[in-house]
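What follows is a short report on a single structure.
Every chain is numbered from 1, with letters handed out A, B, ... down the list of sequences. Quantities reported herein were computed from a predicted structural model and do not represent experimental measurements.
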Amino acid sequence: MKCNGGSPGDCFRAVGEKGTIKMKKSIFTILSNRKLAKNTYEMVLKGDVSAIKRPGQFINIALDGFYLRRPISVCDWDKDSATIIYKVVGKGTEYMSKLSEGAELEVLSGLGNGYDTEESGVNPLLIGGGSGIPPLYALAKELIAQGKKPTVILGFNSKDEVFYKDEFSALGARVLITTADGSLGIKGFATDAFESAGDYTYTYACGPEPMLKAVYNTSVTDGQYSFEQRMGCGFGACMGCVCRTKYGYKRICREGPVLVKEEIVW
Amino acid sequence: MVDTRVNLSGVILSNPIIPASGTFGFGYEFAEIYDINILGSISIKGTTRELRFGNEQPRIAETPCGMLNAIGLQNPGIDKVISEELPKLRKVFKKPIIANISGFSIDEYVYCCELIGKEEQVEIIEVNISCPNVKEGGMSFGTLPENAAEVTRAVKAVAKKPVYMKLSPNVRDIAEIAAACEEAGADGISLINTLTGMRINLNNMKPVLNNITGGLSGPAVFPVALRMVWEVYEAVSIPIIGMGGVSTAEDVIEMMLAGATAVSVGAANIKDPYASKNIVESLPDLMNKLGINKLEDIIGGAH
C-alpha cells in the first residue's frame with residue numbers, strides 16, 4: 001500500500017484497483033450472538049456483504065436509542081454473512097451483547113481501507129492485542145490462501161479473556177499467546193513474544209495504541225498498523241477521527257484505519 | 001406537482017435542503033453513494049486562510065439524542081479549497097454551492113471572503129462567527145452585536161456574493177445580534193451553530209473531549225434552534241437559513257413555519273449518510289399531505 005497523500009482525500013482510493021470505496025447501507029439479521037470470553041462477544045450477521053473487500057475494514061452499526069453508530073472491525077466474512085467480535089466497553093456494546101438471534105441491525109459496511117497483503121513476504125508476523133485481534137483472523141486466512149506462512153501473536157490480559165486461539169490454529173497459522181498475568185502462554189505483552197516468533201518478513205498489527213507503539217519500536221520490518229479512534233460518521237464526512245501522519249492529516253475511518261509504518265507519527 | 005423552490009437573495013434553490021457545513025465534507029464524498037444534485041445546495045466544510053489540523057483527539061462524544069463535536073475547524077486552507085476541493089465538488093454537483101468561511105481576525109475573514117467570492121461556482125458565502133471550538137476568534141466575533149456588525153461590514157465591503165452570517169446560540173439575545181448583522185449589510189442569517197456542552201468519562205473521571213467542551217447538535221437541540229429562528233424572524237427582514245437538529249421533512253416544515261427560507265441538515269448526515277437525501281425525497285409527499293402547494297408560501301407562516 002503506497003500513499004503519497006497530502007490532504008484528506010488523497011488516499012481515498014487505497015481500496016480496490018481504481019475503484020472508489022463504496023460503502024453500503026443495509027439491514028443485517030443476527031444469526032448468532034454468543035459470549036466468547038470475559039466481556040467479549042462474537043456476532044454473526046447475515047446480509048449484503050458485497051461492500052466488504054479487505055481484512056481490516058469495519059462496519060458501523062446503528063443501535064436503537066444511541067445517536068452514533070458503533071464501528072466494529074470485520075473478523076471474517078463469506079458470501080452472505082459477516083462475523084464481528086466486540087468487547088463490552090460501554091452502554092452501546094452492552095446493548096449489543098443482549099441482542100438476540102433474528103434481530104435486525106442497520107449497518108454501513110465496506111468502511112476503511114483495510115490491510116494490503118501484497119507486501120507481506122512469505123513469513124508475515126501478525127500481532128493483535130485484545131479487541132484488536134478480530135481483523136487479524138480474516139487477514140491470516142487471506143495470507144494462508146495466498147500460500148504464505150503467518151505467525152500470529154495474540155496478546156491478552158489474562159486467560160479468561162483469551163478467544164480464537166483454536167480458530168487461528170485451525171487456519172494453519174502458528175499461534176503464540178501472551179497474557180499480562182502469565183495465566184496462559186508467554187507472560188507479558190504481545191511484544192514479549194517477538195523472540196519466540198523467529199524471523200519474519202513483514203509486520204501487521206492491531207490493538208490499543210500503547211501496544212501498537214511497542215510493536216512499532218520492536219519490529220524490524222515494514223508493516224501496517226490498524227488504529228482505533230472515536231468516530232463521528234465513520235465514512236469521512238465529519239473529521240472527527242483525524243490523525244497526523246508524515247503524509248498529511250488522515251481520517252482513521254477513511255484513509256485508515258490501517259496506516260503503513262513509514263507514515264506513522266506518534 | 002408541488003413547488004419546493006426557495007429564493008436566497010436571488011439564488012434559486014430547487015428545494016430548501018442544504019447539508020450543513022462540517023457534516024458533509026466537501027460534498028463529493030457523498031456523490032459516491034447517491035446523486036447529490038437532488039439537494040438544494042451544499043454548505044462546504046468551514047475554511048480558514050491557513051491549513052488547520054484542529055483539536056487533538058478525542059473530538060467526538062455521544063449524548064442523549066445527539067452528539068458533541070470539537071473538531072476545531074480542521075480544513076486544508078483556502079488556497080487548496082479553491083484549487084482542489086471546489087473543482088472536485090463542481091464535477092459532481094451542478095447546483096449552487098455555499099462556501100463557509102471562518103477566521104481568527106477580521107483581516108482573515110476579509111481575505112477569505114474576497115477570495116472565495118471570486119469563485120464562479122460559489123453563490124453564497126456563509127460567514128461563521130460562531131465556532132465554539134477554537135480558543136480565539138470563532139465565536140467571540142458572534143457573541144456581541146457590535147463585533148458581529150464589524151465583521152459583517154468588513155466582509156460585505158469585499159465579498160462579491162450574498163453574505164449570510166452564521167450565528168451562535170450561546171448568547172444572551174440572538175435576535176439582537178441578527179439585527180446588528182442586518183443593519184451592517186448582511187444579506188441573510190444562518191442559525192444556529194452548536195450549543196456549548198461537555199461530557200465526563202466515568203472511567204478516568206476526566207472530560208471526554210480533549211478540548212473539554214464541544215458543540216452539541218442533533219435532535220436534542222431542535223426545539224432551541226426553532227425558537228431562535230422564530231425570534232430572529234421577528235427581528236429581521238432578510239432570509240434565514242434555519243438549522244439545528246433537523247432530521248426529518250417534518251422538521252423542515254416547522255423550521256420554515258418559524259421563519260426559515262432554507263434549512264440546513266447537520267448531525268443527521270453523520271448518523272446516516274442518506275439523511276439529506278431522505279428528507280428531500282419525503283418533502284413532496286409531506287407537502288401534499290399538509291396541503292402545501294408552494295413551499296415558499298409557508299415561510300414564517302406560524303407567526
Query raised in the report: Which atoms form the tightest heavy-atom contact between Y249(A) and L51(B), and what is the distance?
Result: OH-CD2, 3.2 Å
Query - Closest non-hydrogen atom pair, Q57(B) against C241(A) - result: NE2-C, 3.2 Å
Tell me if the [atom1] atom of [X] is crowded by more than 12 foreign heavy atoms within 6.0 Å.
{"X": "K261(A)", "atom1": "NZ", "answer": "yes"}
{"X": "E161(A)", "atom1": "CD", "answer": "yes"}
{"X": "D64(A)", "atom1": "CG", "answer": "no"}
{"X": "K38(A)", "atom1": "NZ", "answer": "no"}
{"X": "K94(B)", "atom1": "NZ", "answer": "yes"}

Report summary line: F189(A) meets the ring-ring contact (aromatic ring centres under 6.0 Å, His included) criterion, sequence neighbours left out, with none
Query raised in the report: Which residues pass the ring-ring contact (aromatic ring centres under 6.0 Å, His included) test with F28(A), sequence neighbours left out?
Result: none
Before accepting this row, confirm whether a basic side-chain N of the pair [X]/[Y] lies closer than 4.0 Å to the acidic partner's carboxylate O.
{"X": "R251(A)", "Y": "E29(B)", "value": "yes"}
{"X": "K271(B)", "Y": "E106(A)", "value": "no"}
{"X": "E62(B)", "Y": "R230(A)", "value": "no"}

Spacing of [X] atom [atom1] and [Y] atom [atom2] [to the nearest 0.5 Å]:
{"X": "M239(A)", "Y": "I270(B)", "atom1": "CE", "atom2": "CD1", "value": "10.5 Å"}
{"X": "I60(B)", "Y": "Q229(A)", "atom1": "CD1", "atom2": "CD", "value": "9.5 Å"}
{"X": "R244(A)", "Y": "F53(B)", "atom1": "CZ", "atom2": "CZ", "value": "4.0 Å"}
{"X": "L68(A)", "Y": "T63(B)", "atom1": "CG", "atom2": "OG1", "value": "8.0 Å"}
{"X": "Y67(A)", "Y": "L68(B)", "atom1": "OH", "atom2": "CG", "value": "12.0 Å"}

Query raised in the report: For chain A, which residues of residues 194-207 of chain B have at least one non-hydrogen atom nearer than 4.5 Å to it?
Result: none
[X] versus chain A, heavy atoms under 4.5 Å apart: side chain, backbone, both or neither?
{"X": "N269(B)", "result": "backbone"}
{"X": "F26(B)", "result": "neither"}
{"X": "A70(B)", "result": "neither"}

Query raised in the report: Among A61(B), G66(B), G22(B), G25(B), which residue forms the greatest number of heavy-atom pairs with chain A at distances under 4.5 Å?
Result: G66(B)
Requested in this report: Would you check if C238(A) and N69(B) make a side-chain contact, meaning some heavy-atom pair closer than 4.5 Å?
Outcome: no
Please tabulate, for the side chains in residues 216-227 of chain B, all donor-acceptor contacts under 3.5 angstrom to protein atoms that are two or more places apart in sequence or on a different chain.
{"unit_1": "R227(B)", "atom_1": "NH1", "unit_2": "E231(B)", "atom_2": "OE1", "d": "3.2"}
{"unit_1": "R227(B)", "atom_1": "NH1", "unit_2": "E231(B)", "atom_2": "OE2", "d": "3.3"}

Query raised in the report: If you tally heavy-atom pairs under 4.5 Å against chain B, which of A62(A), C243(A), G236(A) wins?
Result: C243(A)
